Amino acid sequence: MERRFFIALGSGRYRHLPEGEQLASVPDDITAARDLFTGLGYTAVLPGLGEYEGAEQIRQKLRHWFADTAPTGDDAVVLYFAGHGAVEPRDRHYLFTWDSDPEDLAATALATEDLVRILGKGDLRHLLLILDTCAGGAGSADAATVALNRLARNPTGTGSTGLWFLASARRKDTAGDARLAPGRARDGVRPAGAAAPGRTGPLACPGEGVDQHRRPG
């Protein structure tokens, strides 16, 4: 029997960022996304994921949930992230957690592609990753690369891959401040490997105009 799961991840508080870069709207953004998908028949799981947690704690919770739930090819998983994101020069896209250090993202932040590495295992064939963050387009591209490489190594026959990615902003862009709208969310989804749409997410990022390669978005 098909199961539909919704996972919200994000933090509005950041230990190593100044008060002006805290994101008070994140809880409301997560609530809006959860209400949207539960209204579509999804079951919200892992409540509070990312609140005052580090990257490794988040990875472990996702691994444990995945192992316990064992999603099948008939199931669907949506993971929505709200918060800061950044791209390091000559490096990957990262999602900020509570204790992420902007000066050492590789050691303290959550690499976006890790989400696909964890949730893209096993038989799961329907995964939607929504990045509501600055530099989101870059993260979507990273995640798509990992997913497509996995599919190339593990073909499962005919039919759609069911791997989808939606980003709130392109590389170097700042996400817009419009609230998440159900119609916009549905219309903005692209299949894995497609160009990420721009400015479709609800998050207002501080410091618009700064170099997103050096500052969190």
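Worth saying up front: this structure is predicted, and the values here are computed from it rather than measured. Any value given below was found using the heavy atoms of this structure, including those in side chains, with hydrogens, waters and symmetry copies removed.
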Engineer: Would you check, one step at a time, whether the test ring pair (Phe, Tyr, Trp, His ring centres under 6.0 Å) holds for Phe37 with Phe6?
Structural biologist: CA-CA 7 Å; Phe37 282 96; Phe6 173 79; 5.4 Å; yes
Engineer: Determine whether a donor-acceptor pair (N or O, by modelled atom type, separation under 3.5 Å) exists between the side chain of Tyr94 and the backbone of Ser100.
Structural biologist: no
Engineer: Tell me if a side-chain donor or acceptor on Thr72 pairs with a main-chain N or O of Asp74 at a distance below 3.5 Å.
Structural biologist: yes
Engineer: Measure across Gly50 and Ser11 and return the closest heavy-atom pair with its distance rounded to 0.1 Å.
Structural biologist: O-CB, 3.5 Å
Engineer: Report yes if some heavy atom in the side chain of Arg92 is under 4.5 Å from a heavy atom in the side chain of Asp114; otherwise report no.
Structural biologist: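 Contact flag for Arg92/Asp114 side chains = yes.
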Engineer: Check whether any side-chain heavy atom of Gln57 sits under 4.5 Å from a side-chain heavy atom of Thr97, and report yes or no.
Structural biologist: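 Sidechains of Thr97 and Gln57: no contact.
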Engineer: Mind checking whether Phe5 and Leu124 have side chains closer than 4.5 Å, heavy atoms only?
Structural biologist: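 In short, these two side chains do not touch, never coming nearer than 4.5 Å.
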Engineer: Identify whether Val45 and Leu62 are in the same connected component of the hydrophobic contact network (ILVMFWY, side-chain heavy atoms under 4.5 Å).
Structural biologist: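 Yes, Val45 connects to Leu62 through the hydrophobic network.
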Engineer: Looking at Ala32, is its backbone amide N or carbonyl O close enough to the side chain of Asp35 to form a donor-acceptor pair, meaning the two atoms are under 3.5 Å apart?
Structural biologist: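 Judged by distance alone, no pair lies under 3.5 Å.
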Engineer: Identify the two heavy atoms, one from His16 and one from Pro102, that lie closest to each other, and give their separation to 0.1 Å.
Structural biologist: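 Looking at all heavy atoms of both residues, the shortest contact is CB-CD, 4.0 Å.
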Engineer: So, are Glu56 and Arg63 salt-bridged, with charged N and O less than 4.0 Å apart?
Structural biologist: yes
Engineer: Which is it for Leu119 and Trp65 under the side chain to side chain contact (heavy atoms under 4.5 Å, CB included) test, yes or no, and what are the steps along the way?
Structural biologist: CA-CA 10 Å; Leu119 298 176; Trp65 174 83; 4.2 Å; yes
Engineer: In sequence, state the C-alpha distance, the side-chain angles, and the governing distance for Thr43 and Arg3, and then conclude on side chain to side chain contact (heavy atoms under 4.5 Å, CB included).
Structural biologist: CA-CA 8 Å; Thr43 299; Arg3 298 172 296 173; over 6 Å; no
Engineer: Locate the shortest heavy-atom distance separating Gly54 from Asp99; write the atom from each residue and the value.
Structural biologist: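 Minimum heavy-atom separation between Gly54 and Asp99: CA-OD1, 3.4 Å.
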Engineer: Is any side-chain heavy atom of Leu23 closer than 4.5 Å to one of His84?
Structural biologist: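 The answer is yes, as the side chains (C-beta and beyond) meet within the 4.5 Å cut-off.
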Engineer: What distance separates Phe81 CZ from Thr133 OG1, expressed to the nearest 0.5 Å?
Structural biologist: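 Reported value, rounded in 0.5 Å steps: 5.5 Å.
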Engineer: Of all residues at least two apart in sequence or in a different chain, which pass the salt bridge (charged side-chain N to carboxylate O under 4.0 Å, His left out) check with Arg15?
Structural biologist: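 Counting only residues at least two positions away or on another chain, Arg15 forms no salt bridge (charged side-chain N to carboxylate O under 4.0 Å, His left out).
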Engineer: Out of Leu128, Leu9, Ile30, which residue meets the side chain to side chain contact (heavy atoms under 4.5 Å, CB included) rule with Tyr80?
Structural biologist: Ile30
Engineer: Knowing that exactly one of Val78, Ile7, Leu115 qualifies, which makes a side chain to side chain contact (heavy atoms under 4.5 Å, CB included) with Leu129?
Structural biologist: Leu115
Engineer: Quick one: does Glu53's side chain have a donor or acceptor within less than 3.5 Å of a partner on Trp98's backbone?
Structural biologist: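 Here the side-chain-to-backbone pair does not exist.
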Engineer: Carefully, step by step, assess Phe96 and Leu105 under the rule side chain to side chain contact (heavy atoms under 4.5 Å, CB included).
Structural biologist: CA-CA 8 Å; Phe96 275 59; Leu105 293 180; 3.6 Å; yes
Engineer: According to a hydrophobic-cluster definition based on side-chain heavy atoms being under 4.5 Å apart (Ile, Leu, Val, Met, Phe, Trp, Tyr only), do Leu40 and Trp164 belong together?
Structural biologist: yes
Engineer: Keeping the roles fixed (side chain from Asp123, backbone from Gly73), state whether a donor-acceptor pair exists under 3.5 Å.
Structural biologist: no
Engineer: Taking the side chain as C-beta and beyond, is there a heavy-atom pair between Gln22 and Leu17 under 4.5 Å?
Structural biologist: yes
Engineer: I need the Leu79 CG to Ile118 CD1 distance, nearest 0.5 Å.
Structural biologist: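 Rounded to the nearest 0.5 Å, the CG-CD1 separation comes out at 9.5 Å.
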